[in-house]
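One structure is given below, encoded as structure tokens.
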Amino acid sequence: MLNKQQANGKAIGAACRHSGRALEDCFSRNPKVAKSDIFAGWKEMNEYMLAKKMDVVPSSSEDCGPDPDDKKKAAPEQHNTSAASEPAKDGE
């Protein structure tokens with residue numbers, strides 16, 4: 001039986017293959033996961049998809065979640081709702 005880390009790596013690899021992500025991209029997005037486990041899952045899914053003549057199912061977005069290194073993008077925008085700060089329009 002696979003341990004949790006191996007199973008997680010295989011699941012990541014399979015998901016990468018199923019979504020059409022390159023193996024190298026999968027490695028770079030998951031640096032803490034053993035490459036051998038990712039490859040095993042990717043290869044297994046590749047063989048399965050070829051046997052069943054399945055097409056790639058691309059994700060609905062480019063990124064599969066927030067980038068943990070880029071927390072500044074997630075900060076809410078600040079809007080100034082003060083009427084005094086808006087320029088006066090001619091004719092009103």
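All values below come from the heavy atoms of this structure, side chains included, with hydrogens, waters and symmetry mates left out. The chain is numbered in sequence order, starting from 1.
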- Query: Would M45 and V57 show up in the same hydrophobic cluster when neighbours are defined by side-chain heavy atoms closer than 4.5 Å?
  - Reply: no
- State whether the side chain of N3 and the backbone N or O of Q6 hold a donor-acceptor pair below 3.5 Å, judged by distance alone. yes
- A34: what forms a side-chain contact (heavy atoms from CB on, under 4.5 Å) with it, not counting sequence neighbours? S36, D37
- Query: Hey, what do you get for CG (N46) to SG (C16), rounding to the nearest 0.5 Å?
  - Reply: 12.5 Å
- Message: Looking at every non-hydrogen atom in both residues, tell me the closest pair between Y48 and M54 and how far apart they are.
- Response: CE2-SD, 3.4 Å
- Message: Strictly distance-based, threshold 3.5 Å: is any side-chain N or O of N30 a donor or acceptor partner for the main-chain N or O of C26?
- Response: yes
- Rounded to the nearest 0.5 Å, the CZ atom of R29 sits from the CD1 atom of I12 at a distance of 11.5 Å
- Return the minimal non-hydrogen interatomic distance between F27 and F39, and the atom names on each side. CE2-N, 4.2 Å
- Message: Can you tell me how far apart NZ (K10) and CD (E44) are? Round to the nearest 0.5 Å.
- Response: 4.0 Å
- Using a 4.5 Å cut-off on heavy atoms from C-beta on, say whether the side chain of R17 contacts that of V56. yes
- Honestly curious: do V33 and L23 fall in one hydrophobic cluster under the side-chain, below-4.5 Å linking rule? yes
- Run the numbers on K43 and E47 for side-chain contact (heavy atoms from CB on, under 4.5 Å), then give the verdict. CA-CA 6 Å; K43 183 179 176 189; E47 291 169 357; 3.2 Å; yes
